[in-house]
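So the structure is just underneath, and the comments pick up after that.
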Amino acid sequence: MKVVGVDHIGIAVKSIDEALKFWEDALGIKCTGREEVEEQKVITAFLPLGGTEIELLEPTSADSPISKFIENRGEGIHHLALRVEDIETALKELKDKGLRLIDEKPRCGAGGARIAFVHPKATGGILLEISQR
């Protein structure tokens with residue numbers, strides 16, 4: 001498996017509009033667009049930062065994983081996403097090493113990325129997303 005770099009840092013927010021007041025107005029990091037990912041019940045907003053991005057995640061329903069995260073932990077860092085060259089190879093290698101996966105097959109993420117999640121119990125408490133673009 002070849003990890004190319006940090007793809008993005010996902011941050012759970014109640015409102016993208018409210019969160020952008022900090023990211024855009026206070027820090028000057030401009031949002032490049034929003035996208036609804038129906039399968040994950042979220043609206044995403046990406047803010048490019050050097051070779052990576054900040055991904056704001058706003059839930060679209062009460063049963064969204066992001067909604068549940070905010071309810072249990074409050075707003076804040078939700079996951080770290082690493083970009084890989086080949087997501088199928090990465091998933092196979094992680095599974096072969098005995099790591100607990102949330103997704104054994106890639107699914108569609110924001111921006112046309114193919115993504116999968118590794119369980120926090122396998123990563124020392126971090127929800128890890130692997131991403132191929």
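For this chain, numbers begin at 1 and follow the sequence in order. These numbers come from a predicted model, not from an experiment.
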*asked:* So Asp86 and Lys2, do their side chains get closer than 4.5 Å, heavy atoms only?
replied: no
*asked:* Using a 3.5 Å distance criterion without hydrogens, assess whether the side chain of Glu35 forms a donor-acceptor pair with backbone atoms of Gly111.
replied: yes
_When you compare the side chain of Thr89 with that of Gln132, does any pair of heavy atoms fall below 4.5 Å?_
no
_Leu49 backbone acceptor or donor facing Thr52 side chain under 3.5 Å_ = no
_Check this for me: Leu27, atom CG, are more than 12 non-hydrogen atoms of other residues, nucleotides or ligands nearer than 6.0 Å?_
yes
*Would you say Leu57 and His79 make side-chain contact, with heavy atoms under 4.5 Å?*
yes
*So does Lys95 pair up with Glu104, basic N to acidic O under 4.0 Å?*
yes
*Has the side chain of Ser64 got a donor or acceptor atom that lies under 3.5 Å from a matching backbone atom of Lys41?*
yes
*Ion pair present between Glu71 and Lys68, side-chain N to carboxylate O less than 4.0 angstrom?*
no
*Within a strict 4.5 Å, meaning less than it, do heavy atoms of the Val13 and Phe22 side chains meet?*
no
*Within-4.5 Å side-chain heavy-atom neighbours: Val6 and Leu82*: yes
_Is a donor from one side chain sitting under 3.5 angstrom from an acceptor on the other, for Ser15 and Asp17?_
no
